[in-house]
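Working notes, beginning with the structure itself.
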Amino acid sequence: MHIRGDHAELVVGGRLDVRSAADARTVLHSAVDDGDGDLVLDLTGLDSWDATGLGVIMGAHRRAGRCGRRLVLRGVPPQMQRLLVATRLHRILAIEGGLAAESLPRV
């Protein structure tokens with residue numbers, strides 16, 4: 001996993017999983033603490049995430065809220081969009097441009 005960027009926008013690539021969670025958490029918390037306004041998390045290059053990685057993102061979301069900021073996800077890959085819908089986290093997290101129609105449940 002690799003993260004590059006600053007306190008306003010971070011680009012995440014690779015795998016966000018149990019092995020990379022501690023490093024990702026440190027970078028995300030620093031970015032939240034050191035900036036103001038929206039923190040954009042670009043996930044375009046993210047190959048996969050597991051429950052631990054999703055927990056890191058939710059932790060950053062909560063921390064941002066406590067700091068008066070908003071965590072905004074950009075470029076969420078389709079398989080991860082489906083996971084956000086299945087867990088209903090798409091209703092809590094800010095997702096730039098919304099979700100693809102194929103990720104949403106059919107009624």
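As the structure is a computational prediction, the values presented were derived from the model and not from experiment. Throughout, numbering of the chain's residues begins at 1 and tracks the sequence.
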Exercise. Just jot down the side-chain hydrogen bond (donor to acceptor under 3.5 Å, both in side chains) partners of D47, sequence neighbours excluded, or say none.
Key: none
Self-check item: Pairing residues for T44 by the side-chain hydrogen bond (donor to acceptor under 3.5 Å, both in side chains) criterion, not counting sequence neighbours
Solution: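 Per chain and number, T44 pairs via side-chain hydrogen bond (donor to acceptor under 3.5 Å, both in side chains) with D42.
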Quiz item: Checking side chain to side chain contact (heavy atoms under 4.5 Å, CB included) for the pair L71/I57: CA distance, chi angles, key distance, verdict?
Solution: CA-CA 9 Å; L71 183 70; I57 289 175; 4.1 Å; yes
I'd like to check the side-chain contact (heavy atoms from CB on, under 4.5 Å) partners of [X]; sequence neighbours left out, ordered by chain and number.
| X | result |
| --- | --- |
| A94 | R70, V72 |
| I92 | M58, H61, L89 |
| A31 | L10, L39 |

Self-check item: salt bridge (Lys or Arg N to Asp or Glu O under 4.0 Å) against D36, all qualifying residues, sequence neighbours excluded
Solution: none
Self-check item: Pairing residues for D17 by the salt bridge (Lys or Arg N to Asp or Glu O under 4.0 Å) criterion, not counting sequence neighbours
Solution: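 R15, R19.
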Quiz item: Given the rule that I, L, V, M, F, W and Y join up when any side-chain heavy atoms are under 4.5 Å apart, are V27 and V12 in one cluster?
Solution: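 Yes; tracing contacts between hydrophobic side chains, which count when under 4.5 Å, links both residues.
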Quiz item: If you group Ile, Leu, Val, Met, Phe, Trp and Tyr by side-chain heavy-atom gaps below 4.5 Å, do V11 and L43 land in one group?
Solution: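 Different hydrophobic clusters.
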Quiz prompt | Spatial distance of atom CD1 (I3) from atom CG (L41) [nearest 0.5 Å] | solution = 7.0 Å
Quiz prompt | Separation of S30 OG from H7 NE2 (nearest 0.5 Å) | solution = 12.5 Å
Quiz item: Closest approach of V32 and R69, non-hydrogen atoms and distance?
Solution: O-NH1, 3.0 Å
Quiz item: Taking the side chain as C-beta and beyond, is there a heavy-atom pair between L84 and L73 under 4.5 Å?
Solution: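 They are in side-chain contact.
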Quiz prompt | Contact check, side chains of L46 and M80, non-hydrogen atoms, under 4.5 Å | solution =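 Contact flag for L46/M80 side chains = yes.
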Exercise. For residues 72-81, pull every pair meeting salt bridge (charged side-chain N to carboxylate O under 4.0 Å, His left out), keeping only residues two or more places apart or in separate chains.
Key: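 Only E9-R74, R74-E96 qualify under salt bridge (charged side-chain N to carboxylate O under 4.0 Å, His left out).
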Exercise. Scan for salt bridge (charged side-chain N to carboxylate O under 4.0 Å, His left out) pairs involving residues 50-63, sequence neighbours excluded, and state none if there are none.
Key: D33-R63
